[in-house]
Amino acid sequence: MHSKSSTKMLDTLINRVSCGRLKAPAPGREEMTQVFKAALRAPDHKHLMPWQYIVFEGEKALNELGEKYRLASISEDPNISLDKQERALSLPHRAPMVVVAVAKARGNEKVPHVEEVLSTGAGVQNLILGLDSLGYGAYWRTGPLAFNEHLKPLLGLEHSDTIVGFIYVGTPDMELKAKPIPEVDDFVSWA
Ligand SMILES: Cc1cc2nc3c(=O)[nH]c(=O)nc-3n(C[C@H](O)[C@H](O)[C@H](O)COP(=O)(O)O)c2cc1C
């Protein structure tokens, strides 16, 4: 049994594509509140709510994030070139908004951290799909900075936390084309 709205939702799920070119405007506070509500409904073992989302929006905040990237990169490699420092500063400016998605380590003895990471990943997907449904684009990135231990304290995080992604958010600045869907039978078997 299915309704029209559930079919529409399935279309959103199937046709979502990442958007690598993003421009202003970013979603407003009200819209972000709505999509964060979707993110906070991720499946969550033992109700640990292991999620933290840190939003950087606008020039000043994106500059601050770039400076954190630069400092973390220097700590990782004190001989880093000026070019690479410049690149670190510029990275966040690929979109008008960057959301750092973090899986907190709650230390529950029955829930391994990988499950907190999975839950946050599910939250990120809800966030991205929510943005898509409102007409915004997003791009989920990690790269070396997600695994740079020096960045975590600069973001107020613990070393036991995991940066699940830097989610670039904005208005699509390119035509978004649905991508080919893999053959279901190549990935699914029925016992
Ligand atoms: C955990 C995770 C990390 C990712 N990190 C990067 C990244 O650093 N750079 C990148 O180009 N794509 C990265 N991707 C892939 C893109 O977000 C995107 O899924 C991919 O380009 C395919 O595009 P599509 O989502 O439209 O199929 C990452 C995806 C995931 C799930």
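When a ligand or atom number is given, it counts from 1 through the structure's own listing order.
- Within 4.0 Å of ligand 1, heavy atoms belong to protein residues R16, V17, S18, Y139, W140, R141, T142, G143, K179.
- Under the ring-ring contact (aromatic ring centres under 6.0 Å, His included) criterion, Y53 pairs with F36, not counting sequence neighbours.
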Could you go through residues 77-84 and list every donor-acceptor pair under 3.5 Å that involves a side-chain atom there, pairing it with any protein atom two or more places apart or in another chain?
from : atom 1 : to  : atom 2 : distance (Å)
D77  : OD1    : N79 : N      : 2.9
S81  : OG     : K84 : N      : 3.1

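- No side-chain donor from either of W140 and S18 sits under 3.5 Å from a side-chain acceptor of the other.
- Taken together through direct or relayed side-chain contacts under 4.5 Å among Ile, Leu, Val, Met, Phe, Trp and Tyr, Y139 and V98 form part of one hydrophobic cluster.
- Residue pairs that meet the ring pair (Phe, Tyr, Trp, His ring centres under 6.0 Å) test with at least one member in residues 145-170, sequence neighbours left out, are Y69-F166.
- Inter-residue side-chain proximity for H93 and N63 is flagged as met; some heavy-atom pair is nearer than 4.5 Å.
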